[in-house]
Trainee: 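Sharing a structure below in structure tokens format, with a few things to ask.
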Amino acid sequence: MNEVVGRDDILLLTLDTLRHDIAVELAAAGRLPNLARHLPGGRWEKRHAPGSFTYASHQAMFAGFLPTPAAPGPHPRLFAARFAGSETTAGRTFVFDTPDLVSGLAAAGHRTVCIGGVGFFNKQGALGGVLPGLFQESHWEPEFGVASPVSFEAQVERAEKVIAGLPHEQRLFLFVNASALHQPNWFHLPGATREAGDSRETHAAALEYIDRHLPRLFTAVSSRRRCFAVVCSDHGTAYGDDGYTGHRIGHEAVWTVPYAHFFLEPSA
């Protein structure tokens with residue numbers, strides 16, 4: 001990562017609330033053609049989330065604690081704050097001396113841009129401004145939010161505009177929080193109704209919706225130079241599993257998340 005930072009552009013795409021089991025099922029069934037071709041070996045990596053809901057998980061990720069491999073460690077991290085005694089900081093780790101990864105990448109010459117999705121990025125109150133406030137530039141509109149049936153394509157369109165306006169030599173750290181999977185997501189499944197509500201099936205349909213629009217985002221972030229991409233969930237969510245619904249709970253469906261990182265070559 002010490003070679004990547006300052007040389008390549010960087011994308012962090014969090015698929016908010018995406019469950020590991022559904023992500024794996026769809027990739028195996030060929031229902032994520034655009035994403036699966038970039039996954040190493042065509043498969044998601046199984047990891048454990050650093051938090052059980054959006055705010056906690058993103059605070060951890062922005063401190064360098066991306067989802068942890070679901071196997072005995074220690075597991076060296078891609079990014080880490082300089083911290084005495086850290087057992088997951090290795091020679092290949094990008095170590096920053098600022099309070100968070102975002103400002104660490106800014107100090108290394110990256111323009112830091114946030115395109116928010118769920119309410120913790122909406123800047124409509126003090127709490128909704130904390131995470132976007134880490135970035136040099138942040139964007140949120142109601143069309144990007146959880147209630148919008150066109151949220152991801154609207155976010156991608158904004159990303160395209162941001163990237164098109166950057167000087168060619170300017171390195172970029174783009175963060176996108178995709179809200180489409182978060183409740184409510186029933187409107188992504190043809191024939192589903194508000195009254196019937198959300199389900200594993202509508203959650204899966206929302207992931208397929210994201211996959212349809214991913215090529216535009218990947219093309220944009222690799223349009224100027226190679227891009228290092230991290231695509232993962234921040235936490236899962238329960239749909240009646242063992243009687244639980246939602247997240248911010250200590251259930252396997254919430255703590256287990258899909259993860260992948262890979263390079264997007266120029267104009268991929």
Side-chain angles (χ1 to χ4, degrees), residues 13-36 44 49 51-58 115-125 127-128 131 139-159 176-217 231-259:
L13 170 61
T14 56
L15 305 176
D16 207 290
T17 79
L18 175 58
R19 292 172 57 120
H20 175 265
D21 55 356
I22 291 178
V24 169
E25 289 169 12
L26 266 61
R31 294 169 61 183
L32 303 177
N34 297 311
L35 182 56
W44 290 101
S52 63
F53 69 109
T54 301
Y55 187 79
S57 190
H58 281 83
I115 299 180
V118 304
F120 289 114
F121 297 94
N122 66 15
K123 302 189 286 186
Q124 293 183 339
L127 184 59
L131 297 175
H139 302 263
W140 189 88
E141 294 181 4
E143 199 172 41
F144 301 169
V146 298
S148 169
V150 296
S151 59
F152 190 62
E153 53 205 285
Q155 291 176 305
V156 171
E157 182 178 356
R158 181 59 55 87
V176 181
N177 172 252
S179 67
L181 288 145
H182 195 285
Q183 296 95 320
N185 55 43
W186 60 269
F187 41 73
H188 289 295
L189 181 65
T193 64
R194 184 189 303 273
E195 292 69 29
D198 301 329
S199 64
R200 288 172 54 98
E201 292 72 27
T202 62
H203 188 85
L207 181 55
E208 290 179 294
Y209 159 71
I210 288 176
D211 187 75
R212 288 195 294 273
H213 295 279
L214 267 179
R216 285 177 54 199
L217 178 62
V231 180
C232 64
S233 175
D234 55 341
H235 58 80
T237 198
Y239 290 101
D241 305 72
D242 299 315
Y244 290 100
T245 299
H247 38 273
R248 200 163 54 83
I249 54 175
H251 192 277
E252 180 72 11
V254 174
W255 286 112
T256 309
V257 296
Y259 173 96

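Predicted model, so just to flag it, every value in this text is computed and none were measured.
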Trainee: Look up atom OG1 in Thr202 and atom CH2 in Trp186, then write down how far apart they are to the nearest 0.5 Å.
Mentor: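 The OG1 atom of Thr202 sits 10.0 Å away from the CH2 atom of Trp186.
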Trainee: Taking Gly145's backbone N and O only, do any of them form a donor-acceptor pair with Ser148's side chain (distance below 3.5 Å, no angle check)?
Mentor: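 No; zero donor-acceptor contacts below 3.5 Å.
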Trainee: Kindly say whether Phe152 contributes a backbone atom to a donor-acceptor pair with the side chain of Tyr209 at under 3.5 angstrom?
Mentor: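 Checked: pair present.
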Trainee: Rounded at 0.5 Å granularity, tell me how far CZ in Arg212 sits from CG in Leu35.
Mentor: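 It is 13.5 Å, given to the nearest 0.5 Å.
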Trainee: Exactly one of Glu143, His139, Glu153 should register a side chain to side chain donor-acceptor pair (under 3.5 Å) with Arg158. Which one does?
Mentor: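 Option passing the side chain to side chain donor-acceptor pair (under 3.5 Å) with Arg158: His139.
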Trainee: Any sub-3.5 Å donor-acceptor pair from Thr237's side-chain atoms to His182's backbone N or O?
Mentor: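 No; judged by distance alone, with no hydrogens or angles, the pair does not exist.
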Trainee: What's the spacing between Tyr239 OH and Glu201 CD if we round to 0.5 Å?
Mentor: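 Going from OH on Tyr239 over to CD on Glu201, the span is 10.0 Å.
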Trainee: For a side chain to side chain contact (heavy atoms under 4.5 Å, CB included) check, start with the C-alpha distance between Gln155 and Leu13, then their side-chain angles and the critical distance, and finish with the verdict.
Mentor: CA-CA 11 Å; Gln155 291 176 305; Leu13 170 61; over 6 Å; no
Trainee: If we ignore hydrogens and angles and just use 3.5 Å, is the side chain of Trp140 paired with the main-chain N or O of Gly117 as donor and acceptor?
Mentor: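 Yes.
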Trainee: Measure the acute angle between the ring planes of His235 and His247, then classify it against the limits of 30° and 60° as parallel, tilted or perpendicular.
Mentor: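 Rings of His235 and His247: tilted, 30 to 60°.
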Trainee: Dump the intermediate steps for side chain to side chain contact (heavy atoms under 4.5 Å, CB included) on Arg216 and Glu157, then the final yes or no.
Mentor: CA-CA 8 Å; Arg216 285 177 54 199; Glu157 182 178 356; 3.8 Å; yes
Trainee: Rounded to the nearest 0.5 Å, how far apart are CG of Leu207 and CD1 of Ile22?
Mentor: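 Rounded to the nearest 0.5 Å, the CG-CD1 separation comes out at 8.5 Å.
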Trainee: Would you find a donor on one side and an acceptor on the other, under 3.5 Å apart, between the side chain of His203 and the backbone of Arg19?
Mentor: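 Here the side-chain-to-backbone pair exists.
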Trainee: Under 3.5 Å, side chain of Asp198 to main-chain N/O of Asn185, donor-acceptor pair present?
Mentor: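 Looks like yes, one N/O pair under 3.5 Å.
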Trainee: Considering only NZ, NE, NH1 and NH2 on the basic side and carboxylate oxygens on the acidic side, decide whether Arg200 and Glu25 come within less than 4.0 Å.
Mentor: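 Counted as a salt bridge, because a side-chain N and a carboxylate O are separated by less than 4.0 Å.
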Trainee: Between Val257 and Asp234, is a side chain to side chain contact (heavy atoms under 4.5 Å, CB included) present by the stated rule, with each step listed?
Mentor: CA-CA 7 Å; Val257 296; Asp234 55 341; over 6 Å; no
Trainee: Is it the case that more than 12 heavy atoms not belonging to Arg248 sit under 6.0 Å from its CZ atom?
Mentor: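 Count not over threshold, so no.
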Trainee: Would the number of heavy atoms belonging to other residues, nucleotides or ligands and lying under 6.0 Å from OH of Tyr55 be above 12?
Mentor: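 Correct, the count exceeds 12.
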Trainee: Which value, rounded to the nearest 0.5 Å, describes the distance between Leu181 atom CG and His188 atom NE2?
Mentor: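 These two atoms lie 7.5 Å from each other.
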Trainee: Please check: side-chain N/O of Asn177 versus main-chain N/O of Val118, any donor-acceptor pairing under 3.5 Å?
Mentor: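 Indeed, once roles are kept as given, a pair shorter than 3.5 Å links the two residues.
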